[in-house]
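Residue numbers start from 1 in every chain, and the chains themselves are labelled A, B, ... in the order their sequence lines are given, proteins ahead of strands. Being a predicted model, the structure only gives us computed values, none of them experimental. Computed over heavy atoms, backbone and side chain alike; hydrogens, waters and symmetry mates excluded.
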Amino acid sequence: MKRTCQILIALCLPLLFCGQAKAQHSGPYVGAFFGGNALMSAKSTDSQGNFGLTYKPGLQESAVIGWDFEPGNPVGEGRIELEYTHRSNQLDRVKFTDGSFTGGGKVTADSLLVNFFGVFHDKRSWSPYVGVGLGAARMEASDLIVTGEPLASGSNVVFAYQFGTGIDYALTKHWSIDLGYRFFGSLRPEFTESNGKKFKMDYYSHNAVLGLRFGF
Amino acid sequence: MRNLLWSGFLIMMVLSGCGWDGTPTRPNDFTKLTSLEIVANSPTIAALTSTKLTVKGNFSGIFTRDITDQVTWSTDSPTVAGFTNTAIPNAVTGHIPGTAVLTATVGNISNTFSLTVSNATVTALAITPATPSVPKGLTQQFAVTGTFSDLSTQDVTLDATWASSITTVATVSDAAGSKGLAQSLAIGSTQISATFGGISDTTSMTVTAPVLQSIAVSTTTPSLLSLTSGTFQANGVYSDGTSVDVTSQVTWSSANTAIATITATGGTATALSEGTTSISATYGGVTGSASLKVTGGHLTGITASAATTTMIKGTSSALTATGKFSNGTSRDITGIVAWSVANTNIATVTSPAGNLVWLNTSSTTSGTTTVTASYSTLSSTIDLTVTDLGVASIAISSGTMDLTVGTAARLNVIATLTDNSTQDVTANSTWTTTDATIASVDNTLSATIGRVNGVAAGSATITATYGGSNITSLVTVKTRTVQSLTINAVFGTTVATGGQLQMRATATYTDGTTQDVTESATWSIDTPSIAILITSPYQTGLAVLPKLVMGVGTGTATLSATFGGKTQTTTITVQ
């Protein structure tokens with residue numbers, strides 16, 4: 001992840017020296033995002049104790065529909081949007097008291113969040129933003145295995161949230177690109193082990209996204 | 001804007017290092033068990049001896065784990081060897097010479113082990129450890145190794161008969177599940193013996209004085225206001241289960257001396273600034289600790305004051321220091337600060353007790369000096385003038401006084417100097433009464449000097465003498481019955497931690513009269529961790545001093561006042 005951060009920083013540095021801004025958009029917009037996510041090592045708990053699940057980095061895709069606030073409105077400069085995101089990560093390792101073992105299967109999160117982003121406009125073309133999103137996510141454990149044996153499966157809808165920051169770059173009055181970071185988390189989803197027991201696991205992920213927005 | 005951007009990246013980098021890195025507590029029972037391995041100390045044991053077997057499970061060739069406790073045991077020749085020790089299911093006992101095939105089964109996985117029972121006989125035994133010393137209250141596990149006729153050796157702890165020669169000193173278990181386990185009971189020595197096959201061995205076990213196992217630290221004041229003190233106690237728990245007060249023997253320490261300090265001996269902690277620290281007691285390499293929470297902020301300023309800054313020679317006046325704290329509260333710290341006088345030929349400071357501090361002027365030397373109250377790096381100074389002026393007259397605060405039996409009120413004497421200025425000389429007056437059985441008066445230099453106490457119905461004359469002049473007050477003491485009692489919160493009932501509230505109690509009698517009985521009532525608070533009662537600083541000019549309540553921790557507490565058989569309560573809220 002540190003490597004990812006360094007790459008992001010390097011990518012964003014040139015934006016510090018961008019030229020004058022295009023006209024600021026206000027009104028409705030749609031957008032699509034694509035990126036990668038790193039699902040953090042998850043503490044999982046069942047009636048026998050705790051065990052760890054480690055996932056491989058995965059891809060994510062998002063679609064947003066929202067509204068850019070007009071400059072000078074009483075709410076402040078920024079935007080509100082509805083975001084659907086699909087995240088998927090392969091189970092890499094499972095850590096028990098006996099050691100760390102090869103895992104398999106995947107965990108997917110389909111989230112629907114309402115995002116509020118504050119955008120810091122100035123005379124430049126790029127505008128940093130920060131924000132928060134609240135909503136729900138459908139978590140699904142698809143055929144999780146350990147050492148080739150069934151581990152767990154099932155699905156769960158849980159409260160989800162995210163914190164986001166990034167940079168908008170206005171290409172034209174209507175088009176802009178967005179390079180951002182999201183920290184996505186949820187309440188612990190519950191899945192069913194192959195032995196019938198229930199277990200809960202943490203779900204927190206770091207996400208780097210690149211998106212394109214079109215304002216009407 | 002750039003700072004904002006970099007802050008975002010910084011947060012991202014910090015978060016990228018997160019994730020669960022704890023220690024698992026759950027075993028892997030998802031991977032299939034595919035085989036078992038039975039492990040024994042030796043494939044051969046002598047007849048009438050036992051040995052423990054262990055089983056290592058192999059899970060799909062990926063990992064192994066000891067699963068002895070999950071195994072079901074069986075034997076094909078119970079007459080040769082069998083699992084007859086119900087207390088230790090994995091112990092197999094050889095009965096007669098021969099060979100037995102032992103089977104361990106877990107689920108549908110099993111394995112066998114061929115055990116040979118020999119006809120060797122024991123020729124010698126050796127107990128280990130030899131001649132151990134065991135602190136009273138602790139246990140010692142003994143083992144015994146047998147040497148056999150075929151020169152083999154074998155642990156026969158499970159098969160020997162164990163005994164102690166003096167069971168009041170120590171016992172040794174001969175029970176199936178705990179053979180050879182000695183329990184020390186009293187200081188002394190005993191012989192521990194193991195007998196097997198007609199052969200015995202003994203060893204001496206010495207039980208020594210109990211050793212300290214742990215220290216329990218406790219306090220009645222787990223929450224202290226800054227600049228106040230509390231005591232901690234340490235109880236040592238010894239190996240024989242006894243608990244001994246070791247408060248004076250331990251070495252005390254505070255984990256964070258900026259929050260609270262504690263004397264290395266004695267266990268008196270002084271709270272300094274808001275926060276939580278751990279108070280530890282160490283003795284003989286053993287440490288115990290307890291948490292101490294300090295409330296009320298830290299001291300940020302001191303304001304020193306005196307009842308008057310121009311004083312006649314040879315008089316006393318009360319000094320007061322008020323501390324200002326970082327949480328916005330102020331409270332009396334008169335008894336906590338260090339007082340000093342620049343020129344002690346002109347005046348001195350005496351601190352009889354608590355928060356009462358007297359400034360005493362010289363009876364012979366006049367002039368100016370400064371009086372300083374200091375704490376740590378903070379201080380406050382009073383400019384004092386000791387004047388040569390004489391006293392023109394004196395006056396008493398009340399020429400008549402109406403008291404109820406069992407109540408008290410204060411009289412004050414004011415001296416008018418030749419320049420028409422005045423000074424309270426209550427503390428320097430001599431107080432007498434014509435009849436102490438009716439009304440007594442306090443005449444010692446203390447916080448109650450000049451206070452008149454109604455003793456019995458009747459009348460008495462109180463006389464105050466200062467500088468050769470007398471002045472009197474006629475006191476009438478009556479017997480009255482309390483009809484009701486009320487608590488008056490002068491500044492409300494809500495206070496911040498470290499702040500003070502003034503309370504007064506007023507009695508209404510059946511004859512329709514009322515009286516401030518604050519100093520005569522009995523006050524209490526039900527939750528001292530929330531609020532405490534403190535003594536009001538000595539003040540001149542008041543007939544009755546208020547009762548002070550100080551907030552210690554957030555929450556609510558009930559304040560009670562009782563007088564004349566009546567009790568009144570009010571709720572104190574500390575925020």
### Summary
The reported gap from NZ in A/Lys197 to CZ in B/Arg26 (rounded to nearest 0.5 angstrom) is 5.5 Å
### Query
What part of A/Phe51 lies closer than 4.5 angstrom to a heavy atom of chain B: side chain, backbone, both or neither?
both
#### Entry: Over 12 foreign heavy atoms within 6.0 Å of CG, B/Asn41
no
### Task
Return yes when atom CG of A/Asp143 has more than 12 non-hydrogen atoms of other residues, nucleotides or ligands closer than 6.0 Å, and no otherwise.
no
#### Entry: Spacing of CZ belonging to B/Phe63 relative to OG1 belonging to A/Thr147, to within rounding of 0.5 Å
7.0 Å
### Query
Side-chain contact, heavy-atom cut-off 4.5 Å: A/Gln48 with B/Thr25?
no
### Query
Looking at side-chain heavy atoms only, is the closest gap between A/Asn50 and B/Pro24 below 4.5 Å?
no
### Task
Count the heavy-atom pairs under 4.5 Å between each of A/Thr45, A/Val146, A/Asp46, A/Val94 and chain B, then report the option with the highest count.
A/Asp46
### Query
Distance from A/Ser100 atom OG to B/Asn28 atom CG, nearest 0.5 Å?
10.5 Å
### Message
Side chains of B/Asp21 and A/Lys95, heavy atoms from C-beta outward: is any pair under 4.5 Å?
### Response
yes
### Query
What is the distance from atom OG1 of A/Thr102 to atom CD1 of B/Ile62, rounded to the nearest 0.5 Å?
7.5 Å
#### Entry: Nearest-0.5 Å distance, CZ of residue A/Phe101 to CZ of residue B/Phe59
9.0 Å
#### Entry: Evaluation steps, side chain to side chain contact (heavy atoms under 4.5 Å, CB included), between B/Phe30 and A/Phe96
CA-CA 10 Å; B/Phe30 296 96; A/Phe96 293 106; 3.6 Å; yes
